[in-house]
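Only a predicted model underlies this, so the values are computations on that prediction, with no experimental measurement involved. All values below were derived from every heavy atom in this structure, side-chain atoms included, with hydrogens, water molecules and symmetry-related copies excluded.
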Amino acid sequence: MVTQPGRQPRTRHSAIGGNGQKRLAVGVGLAVVALALTSCSQGAAPEPKSVQAGSLPGEHIHGVSRDPGSGKVNLATHEGLFVMQPDASWQQVGPTVDLMSFAITGPGSFYASGHPADGVDLPAPVGLIKSTDAGRTWTVLSRGGESDFHALATSSAGVMGFDGTLRVTADGKSWTQGGLTAEPRSLASSPDGSQVLATTDQGVQSSTDGGRTWVPMTAAPPLFLAAWADAKTVVGVTTEGNLAISRDAGRTWRADLATVPSGAALTASRDKAGQLEILVVTDSGVLQSRDDGATLTNLTS
C-alpha cells in the first residue's frame, strides 16, 4: 500500500486507487438505501475455504473489523471475507470477491468494494456493495461496473470512497465529488461524520465539511493507517511502525506506543464496558491491544 520509512510493508492494494498501492482498513456506522435497479444482484457463495489457526487467509488483507452483533472478527481479503472461528481458524463466508475496502457499520451490516472472481454474479468492479447478513450475500447499491473503491469511510452521515476520485454519498445512490487531491492510504470518519481523516504521502489531511475541503492535520504524526474508536479517540499506525493514539479528535497525539511490524489493516472500537480494542493485521497475523496500545499480542478470539 505504502512505503514506510525504515519499514517496508509488502505492496498490494491500498484501499485507494487501482494501481497496486497500499493497504487499508477501518469502519463505523451508517444506513444506506439500496438501489432498486441493482438490488437483485447477489453473489452466490462458492465452496467455502478454511485456513488453520496461526495463518492468514492469503497475502492480501484489505480490511479488518469486529462485528458488534456476533462479536466475531472479519478479514476482507483478495479471496473474499473470512471470519475467525472459536478455534482461531478462519472460515470463508459468502462469494469470492476481492474486497479492496471494507467497513462494518452495525450488527451484520457490512459495506465493501472491489471486484468479483470469475463466475460470481456481481458487476466488475462491484461499486458500493452492502451485506445485511454478515457477508453471506451482497447487494449492489450503486456504481456497479464503475467504481473500485480502494478506501471507504462510513458514518451516520453517509459513505466516502476513493476510486481515483473522492466521492461522497448520503444515501448510497447519489454521489458528489470531494475535494481531496492527494491519494489516501486510508480514510477514517468519526461516528457522526463531522470529521474525516485521510492518511497520505503528504501527511494526515482533515475535513470537517463532508469531504469538500481538506487541511493538513499538523499535530498528527505521519500515519500509514487511521481508525476512529469513538467520537474523540483516533488510533493510527505511524510510518515509523508504532501505534499512535489521540484522545481529543486529533489535536494531540501519543506516538511512542507498541511496535507494529508491517501494518496492513487497522480497526479500533470500544466494547460494552468501554474498553478500547485495537486490531492490526500484519504480514504474519492479527495482533490485538487491550491496554491502550501499550502492547500487542496475537489475536485468539
Side-chain angles (χ1 to χ4, degrees), residues 15 23-31 50-51 53-58 61-77 79-94 99-112 130-136 138 151-156 159 186-191 225-237 243 245 258 260 263-282 284-293 295-301:
R23 313 172 187 180
L24 147 90
V26 292
V28 241
L30 155 92
S50 59
V51 177
S55 300
L56 286 173
I61 310 300
H62 301 167
V64 59
S65 200
R66 189 183 290 277
D67 185 341
S70 67
K72 294 181 178 179
V73 173
N74 292 254
L75 292 182
T77 83
E79 300 295 330
L81 187 67
F82 285 77
V83 182
M84 179 172 266
Q85 303 302 302
D87 63 356
S89 65
W90 298 95
Q91 182 71 39
Q92 185 184 8
V93 174
L99 299 172
M100 298 299 291
S101 56
F102 177 71
I104 293 181
T105 59
S109 181
F110 300 174
Y111 292 86
K130 178 182 180 180
S131 176
T132 58
D133 57 9
R136 289 185 287 276
W138 295 88
L152 283 178
T154 60
S155 73
S156 59
V159 175
S186 69
L187 291 170
S189 178
S190 62
L225 300 169
W228 291 75
D230 55 42
K232 294 293 185 181
T233 307
V234 190
V235 176
V237 175
L243 286 180
I245 293 182
V260 180
L266 170 72
T267 191
S269 60
R270 291 194 183 275
D271 61 21
K272 293 179 180 179
Q275 184 176 29
L276 177 66
E277 179 187 52
I278 302 167
L279 299 178
V280 186
V281 181
T282 72
S284 59
V286 183
L287 302 180
Q288 177 191 58
S289 175
R290 295 182 68 84
D291 57 6
D292 293 331
T295 62
L296 285 163
T297 58
N298 290 325
L299 178 70
T300 57
S301 64

task: May I ask you to check whether Phe102 and Tyr111 place their ring centers less than 6.0 Å from one another?
output: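 No - the distance between ring centres of Phe102 and Tyr111 does not fall below the 6.0 Å cut-off.
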
Counting C-beta onward and ignoring hydrogens, is there a side-chain heavy-atom pair between [X] and [Y] closer than 4.5 Å?
| X | Y | result |
| --- | --- | --- |
| Leu299 | Arg66 | yes |
| Asn298 | Leu287 | yes |
| Leu276 | Ile245 | yes |
| Ser65 | Asn74 | no |
| Leu75 | Val281 | yes |
| Leu243 | Val280 | yes |
| Gln92 | Val51 | no |

- prompt: Looking at residues at least two apart in the chain, or sitting in another chain, which of them share a side-chain hydrogen bond (donor to acceptor under 3.5 Å, both in side chains) with Asp271?
  reply: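 If we apply the side-chain hydrogen bond (donor to acceptor under 3.5 Å, both in side chains) test to Asp271, skipping adjacent residues, the hits are Arg290.
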
Interatomic distance, Asp291 atom CG to Gln275 atom CD [nearest 0.5 angstrom]: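 These two atoms lie 8.5 Å from each other.
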
query: How far does OG of Ser70 sit from CD1 of Ile104, to the nearest 0.5 angstrom?
result: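 Nearest 0.5 Å value for the OG-CD1 distance: 7.5 Å.
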
- prompt: Where do Gln288 and Glu277 land on the side-chain hydrogen bond (donor to acceptor under 3.5 Å, both in side chains) test, with the steps shown first?
  reply: CA-CA 7 Å; Gln288 177 191 58; Glu277 179 187 52; 2.7 Å; yes

Residue pair Asp67, Lys72: steps toward the salt bridge (Lys or Arg N to Asp or Glu O under 4.0 Å) verdict: CA-CA 6 Å; Asp67 185 341; Lys72 294 181 178 179; over 6 Å; no

